[in-house]
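Below is one structure, written out as structure tokens; the observations come after it.
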Amino acid sequence: MSKDVKDITLVSEQQIRQLVDLFYDKVRADPDLSPIFERVIRDEWGPHLQKMYDFWSSVMLTSGRYKGEPVMIHRRIEGLEIGLFDRWLALFGESCAELLDNETAGLFWRKAVRITESLKLAMFYRPDQPWPMGTA
Ligand code: HEM
């Protein structure tokens with residue numbers, strides 16, 4: 001069995017929903033992240049969560065359900081500083097560890113790290129500035 005096929009069988013739509021729900025419980029309780037989400041999402045949590053289920057389903061199960069432009073959308077979010085991505089990842093990692101077995105948690109975690117890095121680069125990288133930001 002190829003690695004890809006094996007990976008897919010480890011992840012289910014139900015796990016994705018549980019993971020997204022748990023992660024957003026943590027986000028909404030976080031003093032740094034919650035104000036940004038509360039300001040942008042307001043009382044539209046239902047549609048946002050649905051979008052995030054679709055996103056993770058597309059990432060983990062290549063379902064193609066998510067159609068959107070995350071870079072553009074995040075660029076428009078006021079107060080989204082680069083340092084907040086570490087907090088975002090920490091909460092995502094906690095959620096994976098609490099909910100999933102080690103192997104499945106690792107699959108989600110590695111994708112999240114890669115996507116976070118490319119989102120950060122797309123949002124903050126400047127050719128004339130050192131990278132990662134804040135170094136030398
Ligand atoms: C500090 C880090 C982050 C913050 C504060 C943040 C905040 C937000 C907010 C407020 C929205 C709603 C935007 C809107 O509806 O106009 C959003 C959407 C979204 N976020 Fe993030 N985000 C962060 C990092 C990430 C990361 C690392 C990922 C992926 C691994 C991600 C994936 C998404 C996706 C897929 C959407 C839906 C975009 C769409 O409407 O198509 N976000 N984020």
Side-chain angles (χ1 to χ4, degrees):
M1 194 187 279
S2 82
K3 181 83 172 91
D4 283 355
V5 172
K6 183 166 165 285
D7 287 357
I8 286 167
T9 58
L10 281 175
V11 175
S12 70
E13 293 286 354
Q14 194 199 3
Q15 276 176 330
I16 288 172
R17 291 178 82 92
Q18 288 172 342
L19 179 64
V20 168
D21 289 347
L22 178 59
F23 171 67
Y24 276 100
D25 285 347
K26 291 177 188 289
V27 163
R28 296 178 78 170
D30 184 87
D32 296 325
L33 292 176
S34 65
I36 297 185
F37 282 90
E38 297 300 341
R39 197 184 63 238
V40 178
I41 309 280
R42 295 169 186 269
D43 54 359
E44 295 293 318
W45 279 97
H48 181 68
L49 291 176
Q50 187 57 56
K51 217 176 277 181
M52 299 314 292
Y53 304 144
D54 290 346
F55 175 76
W56 282 105
S57 167
S58 288
V59 170
M60 301 306 293
L61 299 169
T62 53
S63 66
R65 279 218 310 269
Y66 174 74
K67 309 233 181 307
E69 300 201 49
V71 172
M72 278 233 308
I73 281 163
H74 288 89
R75 274 195 186 131
R76 285 201 296 254
I77 298 173
E78 244 177 84
L80 209 182
E81 288 159 14
I82 192 164
L84 288 173
F85 281 92
D86 285 346
R87 187 75 195 127
W88 190 105
L89 261 184
L91 296 182
F92 192 82
E94 269 178 28
S95 309
C96 292
E98 281 171 34
L99 199 68
L100 305 168
D101 63 81
N102 281 350
E103 198 178 349
T104 315
L107 296 175
F108 277 93
W109 173 250
R110 284 190 291 279
K111 289 280 188 193
V113 167
R114 256 187 276 152
I115 298 167
T116 303
E117 194 54 28
S118 58
L119 198 50
K120 279 191 337 193
L121 278 165
M123 291 177 68
F124 299 104
Y125 175 74
R126 300 287 172 272
D128 57 340
Q129 305 272 318
W131 185 265
M133 273 174 94
T135 54

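Just so you know, ligand 1 is whichever comes first in the structure, and atom 1 is the first atom listed for that ligand. Because only heavy atoms are used, hydrogens play no part in the values below, and waters and symmetry mates are left out as well, while side chains stay in.
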Shortest protein heavy-atom distance from atom 14 (C) of ligand 1, along with the residue and atom involved: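 It is Val40 CG1, 3.6 Å.
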
Identify, for atom 9 (C) of ligand 1, the protein heavy atom at the shortest distance, and state residue, atom and that distance.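 Protein heavy atom at minimum distance: Ile77 CD1, 3.4 Å.
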
Any salt bridge linking Glu98 with Lys26? Criterion: basic side-chain nitrogen under 4.0 Å from a carboxylate oxygen.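 Yes, this pair counts.
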
In plain terms, say whether Arg28 and Glu38 are close enough for a salt bridge, that is, a side-chain N and a carboxylate O under 4.0 Å apart.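 Yes.
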
With respect to Trp56, determine whether any N or O atom, backbone or side chain, lies less than 3.5 Å from an N or O atom of ligand 1.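 N/O-N/O distance below 3.5 Å does not exist for this pair.
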
Looking only at heavy atoms, is any part of [X] under 4.0 Å from ligand 1, and if so is it the side chain, the backbone, or both, or is it neither?
X	result
Trp88	side chain
Leu89	neither
Met52	side chain
His74	side chain
Leu84	both
His48	side chain

Stacked cation flag Arg114 on Trp109, 6.0 angstrom / 45 deg: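 No, a cation-pi geometry is absent between Arg114 and Trp109.
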
Out of Glu117, Met123, Lys51, Arg114, whose heavy atom sits nearest atom 40 (O) of ligand 1?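 Of the listed residues, Lys51 has the closest heavy atom.
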
Measure from atom 12 (C) of ligand 1 to every heavy atom in Thr116, Ile41, Val71, Ile82 and give the option owning the shortest one.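 Considering heavy atoms of Thr116, Ile41, Val71, Ile82, the nearest to atom 12 (C) of ligand 1 sits in Ile41.
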
Any atom of ligand 1 sitting under 4.0 Å from a heavy atom of Tyr66?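 The answer is yes: ligand 1 sits under 4.0 Å from a heavy atom of Tyr66.
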
Are side-chain N/O atoms of Thr104 and Asp101 paired as donor and acceptor at under 3.5 Å?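 Side chains of Thr104 and Asp101: pair found under 3.5 Å.
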
Applying ring pair (Phe, Tyr, Trp, His ring centres under 6.0 Å) to Tyr66 and Tyr53, what does each step give before you reach the verdict? CA-CA 8 Å; Tyr66 174 74; Tyr53 304 144; over 10 Å; no

Ile115 neighbourhood, listing ligand 1 atoms whose heavy-atom distance to it stays under 4.0 Å: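 The atoms of ligand 1 under 4.0 Å from a heavy atom of Ile115 are 29 (C), 30 (C).
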
Might you point out which heavy atoms bring Ser57 and Glu13 nearest each other, and give the distance in Å?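 Closest approach of Ser57 to Glu13, heavy atoms only: OG-OE2, 2.9 Å.
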
In terms of hydrophobic clusters joined by side-chain contacts under 4.5 Å, are Leu121 and Ile77 together?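 Yes: a chain of side-chain contacts under 4.5 Å links Leu121 to Ile77.
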
Run the ring pair (Phe, Tyr, Trp, His ring centres under 6.0 Å) check on Trp56 and Phe92 step by step: do they pass? CA-CA 12 Å; Trp56 282 105; Phe92 192 82; 4.9 Å; yes

